[in-house]
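Here's the structure, in structure tokens; my notes come after.
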Amino acid sequence: MDLQTLTYLVVGATFALYIGIAVWARAGSTSDFYVAGGGVHPVTNGMATAADWMSAASFISMAGLISNMGYGGAVFLMGWTGGYVLLACLLAPYLRKFGKFTVPEFIGDRYYSQFARNVAVICLLVASVVYIIGQMTGVGVTFARFLGVSSDTGIYLGMAIVFAYAVFGGMKGITYTQVAQYIVLILAYLVPAFFISLNLTGNFLPQLGLGSTLAGTDVSLLAKLDQVVTDLGFGQYTTTAAGSTINMLFYTISLMIGTAGLPHVIVRFFTVPKVADARSSAGWALVFIALLYTTAPAVGAMARLNLIGTTNTAVGITQDASGQLIINADVAKQRGDLFAPEASLVYEERPEWKKRWERTGLLRWEDKNGDGRIQFYNSATKNPDVLAKAEAAGWKGNELTVNADIIVLANPEIAQLPNWVIALVAAGGLAAALSTAAGLLLAISSAISHDLIKGAIKPDISEKGELLAGKISMAAAIFVAGYLGLNPPGFAAGTVALAFGIAASTIFPALMMGIFSKTITDKGAAAGMLAGLSVTLFYVFAHKGIFFIRGTEYLELIGGANSFFTITPEAFGTVGAIVNFTVAFLVSKMTAPVPSHIAAMVDAVRTPKGAGAATGH
């Protein structure tokens with residue numbers, strides 16, 4: 001069966017499964033819609049949480065970023081996994097014990113203020129909408145390649161699928177759909193990694209293969225990769241950091257506390273029966289997440305070696321009789337001349353996977369020196385030796401442009417794996433993007449219908465009316481997300497990093513102070529959230545454009561790109577969080593103290609006793 005037909009069958013079967021589950025588990029009440037009735041088993045919730053949390057950024061972009069950045073890409077591994085531990089230990093059990101449906105509801109009650117609740121809704125909506133851009137971008141990339149449609153058409157299709165199971169199923173339908181999506185995405189991630197690790201190192205476990213020697217040689221995979229990338233003018237793979245040291249530190253902290261402040265993940269802990277189950281489901285989620293996150297560094301490194309090896313024969317990668325990529329031990333042992341005329345791949349002889357990805361526009365070749373061969377190197381390098389070799393070889397600049405988002409999706413094709421593996425990866429990429437998109441849409445929907453409409457605009461709304469408002473809100477959010485996905489501000493993981501920065505600078509500090517401090521007042525919390533949001537968006541918009549509209553950047557106003565201590569906009573959430581904590585503390589000192597019954601409530605939330613069922617009132 002040809003690849004296209006097989007892909008249609010596999011992806012179609014998974015979509016049918018998701019919609020079927022949503023119909024089976026459709027929401028019949030607001031409790032079902034917001035927290036799946038509060039009766040989800042911890043293991044089930046852990047798997048659903050892992051799918052909710054491992055977005056298109058984790059599945060599609062993270063390994064691509066690690067592949068491009070090398071050691072510097074570790075900020076995503078450390079930030080996202082460390083943040084989940086922070087969430088599991090410091091926030092989830094206490095929020096579950098508080099027993100409400102949404103994060104803004106906790107903030108409104110803890111800070112005894114509808115205004116603080118409304119500010120939390122605004123912060124939640126901004127973070128969730130920016131985050132969902134990355135998911136829709138991932139959906140578009142995956143559809144564009146595997147279903148033979150444009151990226152825009154792919155986004156429209158993704159919107160339709162999410163609408164079908166999220167609007168009708170609510171949290172109950174989403175929870176059980178995410179369990180299926182986790183199984184699909186983890187198999188799609190691990191199976192190709194097993195194949196590729198075995199072919200390159202002889203070790204089928206990629207976690208071990210990353211530290212192993214190349215098959216038939218005494219040269220380690222990472223040492224060979226370091227040699228190849230530095231010879232081509234790129235930074236050393238195992239040591240290059242993500243900008244300055246302070247930027248790498250702030251980037252990691254921003255991702256970490258942003259993870260702990262993401263509303264669509266926090267709300268998952270309201271779906272279990274007891275506080276102990278919240279802790280248990282957090283532990284299970286970490287196990288399920290670790291399967292992908294411990295594999296990602298190997299996927300990134302092996303994909304980088306395969307990508308260069310299929311473009312330059314001096315690397316030492318060749319094909320076996322079945323067409324799969326293997327190590328040519330004799331060549332790999334040597335430090336071959338990557339600039340030799342015959343080393344560069346003849347464009348007309350390029351493998352099929354390059355032809356397929358070229359049609360998407362995410363991989364491009366430009367013959368700058370007219371020799372009909374593909375020269376892939378860092379022509380912007382400051383290394384004089386590399387520039388001298390390139391000039392002597394007649395190279396006129398890098399000719400191959402590869403979008404970071406395609407690395408995982410293209411990985412099985414680069415390695416010439418069987419068609420069923422490629423089709424599985426397509427289904428996995430879509431599962432990752434759609435599962436997180438659904439969780440985000442539910443967070444947006446509940447913020448509008450439960451916190452704004454029921455909490456502020458129409459408190460006496462009936463349960464049926466609130467459920468309808470939630471579904472209409474989610475449908476509207478899908479259309480907004482689709483529009484922003486069609487006009488994204490960057491690649492999937494970069495866009496998601498911005499969302500984490502916004503959550504870090506707004507929601508996380510308010511939750512931490514709400515749980516662990518009895519002195520932060522309503523005005524202090526609201527001022528802190530607004531200050532954190534304003535500072536972060538000001539810096540982000542300076543780089544990315546006002547509301548991410550291209551052409552509206554104002555870098556000259558802040559003194560140029562990354563002008564604040566070399567910190568990038570993706571890492572600025574840490575600064576926003578510091579501003580939030582500081583402003584909240586200062587304003588609280590200048591305003592009336594926290595009422596005694598609120599202080600007692602904070603003590604009660606931290607007392608290790610049982611919790612009742614989650615309620616909406």
Checklist entry - Taking C-beta and beyond as the side chain, do Leu338 and Ile308 meet within less than 4.5 Å on heavy atoms? => result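 No; the side chains remain at least 4.5 Å from each other.
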Item to check | Partner set under side-chain hydrogen bond (donor to acceptor under 3.5 Å, both in side chains) for Thr318, not counting sequence neighbours | outcome: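 Here no residue qualifies.
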Next on the checklist: Under the criterion side-chain hydrogen bond (donor to acceptor under 3.5 Å, both in side chains), I'd like the reasoning laid out for Asp2 against Thr5: C-alpha separation, chi angles, the key distance, then a yes or no.
Outcome noted: CA-CA 6 Å; Asp2 68 279; Thr5 304; 2.7 Å; yes
Checklist entry - How far apart are the C-alpha atoms of Ser212 and Thr201, what are their side-chain angles, what is the distance that settles it, and do they pass the side-chain hydrogen bond (donor to acceptor under 3.5 Å, both in side chains) test? => result CA-CA 6 Å; Ser212 301; Thr201 68; 4.7 Å; no
Item to check | Polar side-chain atom of Arg304 near backbone of Ala301 as donor-acceptor pair, under 3.5 Å | outcome: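 Side chain of Arg304 to backbone of Ala301: no pair is present.
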Checklist entry - When rounded to the nearest 0.5 angstrom, what distance separates CG in Asp226 from OG1 in Thr239? => result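 It comes to 6.5 Å.
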Item to check | Interatomic spacing from OG1 in Thr295 to CZ in Phe194 - rounded to 0.5 Å | outcome: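 Going from OG1 on Thr295 over to CZ on Phe194, the span is 6.5 Å.
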Checklist entry - Is there a salt bridge (Lys or Arg N to Asp or Glu O under 4.0 Å) between Lys544 and Glu570 once you walk through the steps? => result CA-CA 10 Å; Lys544 306 290 183 181; Glu570 292 83 2; 3.2 Å; yes
Checklist entry - Any salt bridge between Glu366 and Lys396, counting N to O under 4.0 Å? => result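 Looking at Lys396 together with Glu366, the answer is no, because their closest N to O distance does not fall below 4.0 Å.
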Item to check | Salt bridge Glu352-Lys355, side-chain N to carboxylate O under 4.0 Å | outcome: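 Yes, charged N to carboxylate O under 4.0 Å.
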Checklist entry - Going by the angle between their ring planes, with limits at 30° and 60°, are Phe376 and Phe234 parallel, tilted or perpendicular? => result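 If you compare the ring of Phe376 with that of Phe234, the planes turn out tilted.
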Next on the checklist: Could you check whether Tyr189 and Phe59 have their ring centres less than 6.0 Å apart?
Outcome noted: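 Yes, the ring centres sit under 6.0 Å apart.
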